Amino acid sequence: MAKLRFYPMDITYKVINGEPVIHMYGRTVEGEQLCIVDHYEPYFWAVGDIKAIEKQIDETVARTEVVKKDLNGEIVDAVKIITMLPEHVPKMKDKLKETALCLEADILFARRYLIDKEIIPCQEYEIEAEPYEFSEGMKAFELKSIKPAERIYENQKILAFDIETLEQEDAPIIMFSLYGKDFQKVVTWKHFPTKEKYIEFVNSEADLIKRFRELVKEHQPDIITGYFSDGFDFPYIMERAKKYKLSIDISLDKSQPVIGRGENKSTKLTGINHVDVYKFVRNILRLDVDDYTLNSVAEALLKDRKHDVDFEKLPDAWKTGDGLEKFCQYNLHDSKLTYELCSKLLPNIVEMVRIVGVPMYDICRMALSQLVEWYLIRNAPKFNTLVPNRPAGDEFKTRLTRKYKGAFVFEPKPGLYNNIMLFDFRSLYPSIIASHNISPSTMNCSCCRDTAERVPFEKDEPGKIWFCTNKKGFISSMIGDLIERRMRIKEIMKKEKNPLLDARQYSLKLLANSFYGYLGFYAARWYCYDCARSITAYGRDYIHKVIKQFETEGFKVIYSDTDSIFVTTGKKKAKDAQDLAHKINKSLPGIMELEYEGNFPSGIFVSLKGTESGAKKKYALIDENDEIVIKGFETVRSNWSPVAKDVQKKVLTILLKEGDAEKALKYVKKIIENIRKHELGKEEFEIRTQLTKPVEEYESTAPHVAVAKRLIKEGHEIVPGMVIKYIITSGKGTIGSRARVTEQCTNEDYDADYYIENQVVPSVIKIFEVFGYSENDLAEKGAQDKLSKFF
DNA sequence: GAGCATCGGGG
DNA sequence: GTGTACGATGCTC
């Protein structure tokens, strides 16, 4: 009998001799890759007439047991139907669908095993096992006993990769790069002289693919990572390998990567976790960036960028070898960025794996609602609760159309305010769910009919709903666990700053914050319309009460949205506001808390009405460290010219720091004059717009489309996804006809009037309106002729 | 402005 | 693999 300390990383099963066998791939703490095999039985639940159910049982069923289970708050006799093979489960379920309510028939077998055995991937286990004869050629053991141990697998071996291809029909892969700890490599099949040691040459695309297979196998990573590798790199490699009839058997069971079908395909390897950084960043992290390109994400998380290369030069460089080195460097750098992103995000990913209990491959591809769901599924057995089915048919359709009232927004009166204090409810919705015990199973219980407080719905959103005060609900307990776990981590973090702990608390917060959305999500198993609208009703009630209390005490409320409140102290002192918050906190139930978020010497609030999508935050504040916080001004985010963005920021800075609207106005006038005199560089006027489809498919001639069309005529290769960088030049005709690529412009070419009227003025006009100025005041001198046409 | 369709990432 | 995404944005009526 061997004793092992083992981190399970990827769990699958295979049918061997008519029996399902669990395979857990992973690494010992000493670093050896192993497979642990175990035996388990597939099953599902049927609730209904037991005799009728048992009559339908056929030879695929090994046996049945009757067990008392909780079905949405009620204890029922459930028949556990244990089948010979996982594939028998859906068949048996279909057979029983007229007879009984079948549950948990779509819980995947490998995940079922992890849940029932309480095994969490990336976590250390003490294992007793016997050597096992394994057809896959890998060292394997048969599990005899397993118990959890202390360590978490944090130092996983990551290998990042990236490919480059040409853009033609039947385009070959021309190079790939790999990047790991102390490892970097670019392989290409065009020879050229180079001193770069990491560049390796092969003789053909087929050899390149073989070399890819070889290098990945040699490296033995725990994680293979790419950027959009689910949708591009892996499918591309597999397709080219197929062309040459090559096998990319890099999985630990000697199988090839399996590419999922459908629109949103993903690539799975056995035993190696394939992390597509793009998917995790987009689905889970929800980074606040303009787009999710590798460049934007690397910029936001690493303060690093992709290399700048001109892809138009690639076909030529590939033909001659001249300048190809630059593309190799570019290729390697993409892998490096991906490696660093993956390393940086690993603590978040691992923590999510540990909370939710699902392998890393799946975690990285789940939406937040699915993470919540699997966290609940994993914990359902501890509450003896049966997992509800996903909605189907009419139920699904009904859910899709249901609407309910959302959060409260207190519209600010536009203006400049001084001595602003900001308070907000810490995790408002999660704390409401936990404090008011909001769960489908606790709703309108019979035991509290006469005693429990009703959810504070307003007249326009009627409802008689209460939640049990005697028994903790499943959902509310589970969110409570997350909140407590996070508070414990935050407590430790007060003593020591630790990025690892920070990643953990962040993952916990993300998951807790997703519960409200989950309860209202149409496809959720634990969907609960009345729970979701009860949460927003409580939210509105709490913020209303806080607003009222501040007003009663003599503070002026400027703005409030969902969970936050901005007040000016006026004649009162800052301490009075803090005292009031303290008093409010004493009256709040459970873990609810109104937090002091900060003091802002001044702030500008702009009217919310007339903005693009309803009640979006739109304000600028300056904090006590003279740092400016800008929220919601559209130019900050969209594809405006640098000059417009700069002017907006500078205007806000002058107003907030000096409170001098006259000075801000003078500044804008000065800039307008500079623009007119062509004293600014052309790069200040460059507008960037991405082509989202082939040029010929555009009906309109938007400026960037017009530019792209002209570039094509000039012989450039233009493909969807390219960012067109252009400047509006002066002259006659439409904007489109006057848009030109930046490179073809001089500092004299830009159309001063266009930039003043359509970029600079609009970027600040809303701000100046707050101070009683109009468009005329901004651009009066010299623009008189033009503007007179408009007024 | 509601409802439907497409797109995202990648070279 | 005991499976099939989702949320934002643009376009059309």
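Chain A is the first sequence line, chain B the second, and so forth, proteins listed ahead of strands; every chain is numbered from 1. Small disclaimer: the values here were computed from a predicted structure and weren't measured.
Nearest to the side chain of A:Thr165, among B:dG9, B:dG10, B:dG11, sits B:dG11. Between C:dC6, C:dG3, B:dG9, one nucleotide has an atom nearer to the side chain of A:Ala367 than all others, and that is C:dC6. Taking the side chain of A:Tyr292 as heavy atoms from C-beta on, and the options B:dG9, B:dG11, B:dG10, the nearest nucleotide is B:dG9. The side chain of A:Leu108 lies closest to C:dG1, out of C:dG1, B:dG11, B:dG10. With C:dC6, B:dG9, B:dG11 as the candidates, the nucleotide lying closest to the side chain of A:Tyr522 is C:dC6. Residue A:Arg282 has its side chain nearest to B:dG8 when only B:dG11, B:dG8, B:dG9 are considered. Which of C:dC6, B:dG10, B:dG11 sits closest to the side chain of A:Glu164 comes down to B:dG11. For A:Arg286, the side-chain atoms get nearest to C:dG7 when compared with the rest of C:dG3, C:dG7, B:dG9. The side chain of A:Glu167 lies closest to B:dG11 when the candidates are B:dG9, C:dC6, B:dG11.
Ion pair A:Arg112/A:Asp106 not flagged as a salt bridge, since none of the NZ, NE, NH1 or NH2 atoms sits closer than 4.0 Å to an Asp/Glu carboxylate oxygen. Taking a cutoff of 4.0 Å between a charged side-chain nitrogen and a carboxylate oxygen, A:Lys95 and A:Asp58 qualify as a salt bridge.
Going from the P atom of C:dA8 to that of C:dG3 covers 30 Å, rounded to whole Å. Rounded to a whole angstrom, the distance from the C1' atom of B:dT6 to that of C:dA5 is 14 Å. When the P atom is compared between B:dG9 and C:dT4, the two are found 26 Å apart, to the nearest whole Å.
Contact annotation for A:Leu294: backbone-only contact, meaning every heavy-atom pair under 4.0 Å involves sugar-phosphate atoms and none involves a base.
Close to C:dT4, at under 4.0 Å from its OP1 or OP2, lies a side-chain N or O of A:Arg390. Residue A:Lys93 places no side-chain N or O under 4.0 Å from the OP1 or OP2 atom of C:dG3.
No cation-pi contact links A:Arg282 to A:Tyr292, judged by a cut-off of 6.0 Å to the six-membered ring centre and 45° from its axis.
Ring stacking holds between A:Phe311 and B:dG11, with the centres under 5.5 Å apart and the planes within 30 degrees of each other.
No option in A:Phe176, A:Phe212, A:Tyr236, A:Tyr179 other than A:Phe212 meets the ring-ring contact (aromatic ring centres under 6.0 Å, His included) test with A:Phe161.
Atom CZ in A:Arg111 sits about 10 Å away from atom C1' in C:dG1, given to the nearest Å. The CG atom of A:Leu371 sits 13 Å away from the C1' atom of C:dC6 (whole-angstrom rounding). Taking atom CE of residue A:Met366 and atom C1' of nucleotide C:dG7, one finds them 18 Å apart after rounding to whole Å. Between A:Ile107 atom CD1 and C:dT4 atom P the separation is 11 Å, expressed in whole Å.
A donor-acceptor contact shorter than 3.5 Å is absent between the side chain of A:Arg63 and the backbone of A:Thr83.
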